[in-house]
Amino acid sequence: MRAWVVHKPGPVADGPLRLVERPVPEPGPGQLLIRVLCCGVCRTDLHLAEGDLPPKAPDVTPGHEVVGEVVAAAPGTVRFRTGDRVGVAWLAGTDGACRFCRQGLENLCPNSIYTGWDIQGGYAEYLVAADAYVYQLPAGFTDPQLAPLLCAGIIGYRALHRAEAPPGGTLGIWGFGGSAHLVAQIAIAQGVTVHVFTRSQADRELALGLGAASAQDSFDPTPEPLNSAILFAPVGTLVPPALAALDRGGTLAVAGIYLTDIPPLNYEKHLFQERNLRSVTSNTRGDGEEFLRLAQRLRIEVDAHTYPFDRAQQALADLEADRFSGAAVLTL
Ligand SMILES: [Zn+2]
Ligand SMILES: [Zn+2]
């Protein structure tokens with residue numbers, strides 16, 4: 001089969017991915033062999049390709065927003081069988097036994113493994129995944145529309161929880177790409193007023209079209225004090241202005257797995273009056289199932305831009321350069 005691998009991490013302009021031939025993997029106990037129909041392109045893939053995230057396996061295949069079809073189910077699988085269409089996401093496995101797993105915080109499991117980082121991901125014709133960590137797909141979406149729901153949607157949904165936007169309250173969103181455009185719709189459906197801050201004119205237009213109350217440049221002042229904020233852009237210099245935009249008692253959640261350094265904060269201006277600064281780490285399977293149910297019920301709109309499988313490198317370059325709004329998806 002054909003698979004893209006991160007051979008030597010480096011600037012995306014230098015083409016850090018390499019297309020290789022490798023054998024179709026064998027599913028082990030409790031695993032499914034899945035034929036990939038399409039795979040979303042997440043910012044995490046870009047961080048991995050460029051070396052911001054250290055690769056956990058040599059020549060790892062990125063991709064953790066996989067829509068596919070089960071072609072073999074090994075002994076020990078109970079949820080899915082051959083012929084089922086399934087979604088493979090970022091969280092690929094946990095130990096199920098540590099103090100975090102036992103408290104329902106499997107996203108914090110120190111022994112968790114991730115698709116397209118620890119194990120081979122979906123920029124390939126086939127992959128294997130644990131039956132227990134694979135999702136049933138919601139109805140009413142095309143395959144390319146489903147892919148971004150599986151990470152951008154699920155992690156964004158956890159970020160929305162972490163930001164604790166109250167119904168009828170206000171939420172600021174910094175950065176408006178694959179994740180933000182999905183989460184904004186959930187927040188708006190919950191009665192939250194959403195203000196968007198992004199340098200991209202096209203993204204500002206997308207935000208307003210989806211029902212955001214306002215859209216402005218990243219460092220512009222907020223139209224009103226915010227109860228909550230989510231930082232999706234991996235840009236540490238946006239943390240102080242996002243904190244300064246919070247109302248008393250407000251919460252800023254940093255959604256990404258990677259963030260450039262945060263400049264010094266001023267206690268009075270950025271944190272006092274019980275403002276909270278939080279990170280978001282991965283997700284639980286419960287977050288994923290809840291989000292996918294909501295996505296179907298609310299019929300959220302997915303702005304998906306398809307690229308043929310051969311053009312994976314171009315999709316990453318376009319993501320880095322903000323050349324599309326919404327989310328990119330590789331189709332096989
Ligand atoms: Zn654990
Ligand atoms: Zn992702």
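As a basis for the values below, the full set of heavy atoms in this structure was taken, side chains included, without hydrogen atoms, waters or symmetry mates. Predicted model only: the values in this text are computed from it and were never measured. One-based numbering, in listed order, for ligands and for the atoms of each.
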Non-hydrogen side-chain atoms of [X] and [Y] separated by less than 4.5 Å:
X: Leu330; Y: Val41; answer: yes
X: Phe324; Y: Leu319; answer: yes
X: Leu17; Y: Val6; answer: yes

* Would you say Glu106 reaches the Zn ion (ligand 1) with an N/O/S atom under 2.8 Å? -> no
* Asked: For the Zn ion (ligand 1), which N, O or S atom of Asp95 is at the shortest distance?
  -> OD1
* Identity of the N, O or S atom of His64 lying closest to the Zn ion (ligand 2) -> NE2
* Rounded to 10 degrees, the angle SG of Cys98 makes with SG of Cys101 at the Zn ion (ligand 1) -> 110°
* Donor-acceptor side-chain pairing of Asn107 and Ser282 below 3.5 angstrom -> no
